[in-house]
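Computed from heavy atoms alone, side chains included, the values below leave out hydrogens, waters and symmetry copies.
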Amino acid sequence: MNAQTERLTLSGPVGAIEALRDQPVELAGAPRGVAIVAHPHPLFGGTMDNKVVQTLARAFVQSGWTTVRFNFRGVGATEGAHDNGAGELEDLLAVIGQVAPQGPIALSGFSFGSFVTSHAVERLHGTRDIEQVVFVGTAASRFTVAPIAQELHERTLIVHGEADDTVPLSSVMDWARPQILPVTVVPGGGHFFHGQLPLLKGLVLRHLRSGALSP
């Protein structure tokens, strides 16, 4: 992402996990916490270098968060084989345990990454200080996405493209409706937000900065 990006090799349940860490620059004081961003489906080319994932990471860094992206099992230099979400959840939890063993965390994911992250939020809620949750292109039509606890709703941003032909907006609304969880819809936006990544980044920045101003 920049010259200061640090390459990490973490320990996962089935071997090494490849990760990248970025620190906020020109920050007065300590970082707000550690943000972890999960990438889209490994079997369809998803990696930690995906443009939406990088956009999310940049937004978190600019908002004062130390930010970590990583490759799920079987992707890049991360060992193991794809496990349909169950093993990937264990990968994510292992990353969190090593890069953010304590203190505030933010959990974010794109597409398949949102599905996996939703279960990490469910698992960790009540035991960790989850300050922010950001999902983009939530894969609600293809996987069982965990609900977001009511007390986390004000800290949660769900962004979806109106014209997403990979994950229909209707499936995300069906997931969000019983929770009365707001969804931010980008008019004309597709799954990968081609031509709209600056807009996506701006939405995430606005959410994160409004959270920073909250008492």
Arg128 vs Arg123, test: side chain to side chain contact (heavy atoms under 4.5 Å, CB included). Steps then yes/no. CA-CA 10 Å; Arg128 291 298 306 269; Arg123 180 87 64 92; over 6 Å; no
Let me see the working for Asn71 and Met48 under side chain to side chain contact (heavy atoms under 4.5 Å, CB included), right down to the final yes or no. CA-CA 5 Å; Asn71 279 331; Met48 63 182 175; 3.3 Å; yes
Would you check, one step at a time, whether the test side chain to side chain contact (heavy atoms under 4.5 Å, CB included) holds for Thr78 with Phe70? CA-CA 9 Å; Thr78 298; Phe70 70 99; 6.0 Å; no
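Rounding to the nearest 0.5 Å gives a distance of 5.0 Å between OG1 of Thr127 and CG of Leu124. Taken to the nearest 0.5 Å, the OG1 atom of Thr67 stands 10.0 Å off from the CD atom of Gln62.
Of all the heavy atoms in Ala139 and Val167, the pair that sits closest is CA-CG2, 3.9 Å. Between His160 and Thr138, the closest heavy-atom pair is ND1-N, 3.7 Å. Here the closest heavy-atom approach between residue Thr9 and residue Ala16 is recorded as CG2-CB, 3.8 Å. Pairing each heavy atom of Arg73 with each of Asp91, the nearest pair is NH2-OD1, 2.8 Å. For the residue pair Glu18 and Val75, the shortest heavy atom distance occurs at OE1-O, 4.2 Å. Considering every non-hydrogen atom in both Asp83 and Glu88, the closest pair reads N-OE2, 2.8 Å.
Of the possible polar contacts, none joining the His39 side chain to the Val52 backbone as a donor-acceptor pair under 3.5 Å is found.
The side-chain heavy atoms of Thr166 and Ser141, taken from C-beta on, include no pair separated by under 4.5 Å. In this structure, the side chains of Arg7 and Thr5 stay at 4.5 Å or more apart for every pair of heavy atoms. At a threshold of 4.5 Å between non-hydrogen side-chain atoms, the residues Arg142 and His41 do not count as touching. A 4.5 Å side-chain heavy-atom check between Asp164 and Leu169 finds every atom pair outside the cut-off.
Follow the hydrophobic side-chain contacts under 4.5 Å out from Phe115 and you reach Ile36 in the same cluster. Phe192 is not connected to Ile158 by any chain of hydrophobic side-chain contacts under 4.5 Å among Ile, Leu, Val, Met, Phe, Trp and Tyr, and they are in different clusters. Neither Val34 nor Val61 shares a network with the other; the hydrophobic side chains, linked directly or stepwise wherever heavy atoms of I, L, V, M, F, W or Y lie under 4.5 Å apart, form separate groups for each. Under the 4.5 Å side-chain heavy-atom criterion for grouping Ile, Leu, Val, Met, Phe, Trp and Tyr, Leu208 is not connected to Val183 through any hydrophobic cluster. At a threshold of 4.5 Å between side-chain heavy atoms, the hydrophobic network of Ile, Leu, Val, Met, Phe, Trp and Tyr places Phe72 and Val53 in two separate groups.
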N/O donor to acceptor pairs below 3.5 angstrom from side-chain atoms of residues 173-182, sequence neighbours left out:
residue : atom : partner : partner atom : Å
Asp174  : OD1  : Arg177  : NH1          : 2.8
Trp175  : NE1  : Val145  : O            : 3.3
Trp175  : NE1  : Ala146  : O            : 3.4
Gln179  : OE1  : Ile148  : N            : 2.7
Gln179  : NE2  : Trp175  : O            : 3.0

Side-chain donor-acceptor contacts of residues 92-111 below 3.5 Å, not counting sequence neighbours, with atom names and distances?
residue : atom : partner : partner atom : Å
Gln98   : OE1  : Ser11   : N            : 3.0
Gln98   : NE2  : Ser11   : O            : 2.6
Gln98   : NE2  : Ala94   : O            : 3.0
Ser108  : OG   : Val134  : O            : 2.8
Ser111  : OG   : His191  : NE2          : 3.0

Using residues 193-204 as the side-chain source, report each donor-acceptor pair under 3.5 Å to any protein atom, sequence neighbours left out, with the distance given to one decimal.
residue : atom : partner : partner atom : Å
Gln196  : NE2  : Pro187  : O            : 3.4

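The environment of Glu154 atom CD is sparse: at most 12 non-hydrogen atoms of other residues, nucleotides or ligands sit within 6.0 angstrom.
Results of the side-chain contact (heavy atoms from CB on, under 4.5 Å) test with Phe135 over Leu157, Leu56, Thr117, Val159 single out Thr117 as the only residue that passes.
Salt bridge annotation for Asp49-Arg69: present, with a cationic side-chain nitrogen under 4.0 angstrom from a carboxylate oxygen.
Between Phe60 and Trp65, the ring planes are perpendicular. Angles over 60° get that label, and only those under 30° would be called parallel. Using bins of under 30°, 30° to 60° and over 60° for the plane-to-plane angle, the ring pair Phe112/Phe143 lands in the perpendicular bin.
Side-chain atoms of Gln23 and Thr66 include a donor-acceptor pair closer than 3.5 Å.
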